[in-house]
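To start, the structure itself, in structure tokens.
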Amino acid sequence: LKPDKPLRIAHLSDMHVEPDPTEGPRRRSDLGFTRALEAAQALTPAVDLIITGGDHIMDALERDERSSLEQWDTYLEVLNKYCRLPVYPVIGNHDIFGWMNPTIPTDHPLYGKQMPLERLGMVSPYYSFDRGGWHFIVLDNSQLGGRGYYGAVDPPQLDWLKNDLRQTGKTTPICVLTHIPILSVCAQQFFQPGAGITFWEIPDVFVMKDSRSLTDLFTGYNIRLCLAAHIHMRDRIEFQGITYITTGAIAANWWKGPFNNVPEGFGLIDFYPDGRFDYQYLPTGWQAVE
Ligand SMILES: [Fe+2]
């Protein structure tokens with residue numbers, strides 16, 4: 001029996017694009033992002049759509065308005081020029097404007113998530129859609145507080161999620177997308193015991209603070225895959241029947257080469273209507289030179 005043609009998605013995350021002529025041509029994030037888009041769109045069988053996993057730009061949390069807008073301009077210029085596929089975005093912490101810059105007034109019209117919402121053409125920071133027999137849920141899990149931001153979903157979003165799952169029902173295969181991982185082994189590597197730390201400590205800037213409220217909620221639904229990014233490292237966890245994947249970054253070590261041995265790359269996922277999926281990580285081949 002021939003399986004149905006799968007839905008093929010490229011998951012490009014942590015592009016960290018900025019206008020950057022001072023750092024030399026080999027660190028040009030716009031060229032590196034262009035290469036990633038070309039690599040994703042040159043594949044056979046062809047990719048059906050792209051999901052961008054967040055951190056589209058280098059940083060708007062701390063940078064000023066002008067720099068933040070220039071980064072978005074550069075990102076959108078490359079995207080509009082080189083991307084021919086539909087794009088579904090996830091908001092990342094670095095996409096958010098002004099949260100860690102005390103000179104930006106909180107009543108600025110583009111403050112916070114307003115800037116990425118407008119630039120990415122999103123009507124809501126969280127949403128869902130159906131394709132290829134699957135239901136895709138995009139969450140917005142950067143919240144204001146703690147060390148500037150932390151990973152969590154706010155109460156209205158949790159209510160929305162409960163309702164969205166209820167409407168989807170118990171049989172449709174579901175993929176949940178977040179920027180900050182719900183669960184991650186990579187994060188554990190960052191804060192090992194030692195140097196004043198007695199116990200393993202995984203800060204809520206790396207992994208969702210309220211991950212338990214999601215994993216509990218997922219029980220009883222046909223959630224197959226939770227796909228995250230943010231850490232620029234890769235892992236794959238099987239937990240309570242669900243696969244949790246953290247993917248590498250298009251920018252790797254912020255355009256200075258591989259990050260902890262993870263090269264510049266993106267996830268390629270084939271989603272089959274019966275709920276199976278195949279995931280692979282494809283390096284873009286970008287070579288950063290000091
Ligand atoms: Fe991030």
Side-chain angles (χ1 to χ4, degrees), residues 11-18 20 29 32-33 36 50-63 67-68 71-72 74-75 79 87-101 112-117 119-120 122 125-126 138-154 157 176-191 202-211 214 226-235 244-260 262-267 281 284:
H11 179 232
L12 276 62
S13 195
D14 298 79
M15 288 66 74
H16 290 287
V17 171
E18 63 176 341
D20 191 16
S29 57
F33 178 39
I50 288 175
I51 292 172
T52 54
D55 288 0
H56 301 79
I57 59 166
M58 186 54 83
D59 178 69
L61 277 175
E62 294 185 51
R63 299 272 187 94
S67 165
S68 300
Q71 294 173 59
W72 280 112
T74 308
Y75 173 79
L79 188 78
V87 179
Y88 292 82
V90 181
I91 293 180
N93 54 303
H94 287 286
D95 298 326
I96 299 165
F97 175 53
W99 277 5
M100 294 170 77
N101 183 341
K113 292 171 187 171
Q114 201 52 38
M115 187 179 277
L117 282 170
R119 289 304 180 271
L120 294 168
M122 301 169 77
Y126 48 87
V138 173
L139 297 178
D140 159 36
N141 67 356
S142 299
Q143 305 302 334
L144 174 62
R147 302 180 191 185
Y149 72 92
Y150 64 97
V153 290
D154 51 295
Q157 185 175 181
V176 177
L177 292 133
T178 59
H179 178 66
I180 298 169
I182 299 168
L183 299 175
S184 171
V185 175
C186 299
Q188 192 186 27
Q189 295 276 307
F190 272 70
F191 283 78
I202 300 178
D204 56 18
V205 296
F206 281 158
V207 178
M208 286 180 77
K209 187 176 192 166
D210 57 348
S211 61
L214 293 190
C226 296
L227 205 47
H230 182 51
I231 301 180
H232 298 209
M233 287 165 71
R234 300 180 52 209
D235 63 25
Y244 293 81
I245 289 176
T246 304
T247 202
I250 295 296
N253 187 19
W254 293 268
W255 298 108
K256 293 171 186 169
F259 182 64
N260 288 324
V262 180
E264 298 82 351
F266 60 92
Y281 185 73
T284 63

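As a basis for the values below, the full set of heavy atoms in this structure was taken, side chains included, without hydrogen atoms, waters or symmetry mates. Start at 1 and go down the list; that is how both ligands and their atoms are numbered.
When side chains are defined from C-beta on, Gln143 does not count as touching Lys209, because their heavy atoms never get closer than 4.5 Å. Considering only heavy atoms from C-beta on, Trp72 comes within 4.5 Å of Asp95 through its side chain.
As for Asp55, its N/O/S atom nearest the Fe ion (ligand 1) is the one called OD2. Residue-level check: among N/O/S atoms of His179, NE2 sits closest to the Fe ion (ligand 1). In terms of distance to the Fe ion (ligand 1), the nearest N, O or S atom of His230 is named ND1.
In this structure, His56 and Tyr75 approach most closely via the heavy-atom pair CD2-OH, 3.2 Å.
Ser184 and Gln188 share no donor-acceptor pair across their side chains, judged by distance under 3.5 Å alone.
Among the backbone and side-chain atoms of Asn93, an N/O/S atom is found under 2.8 Å from the Fe ion (ligand 1).
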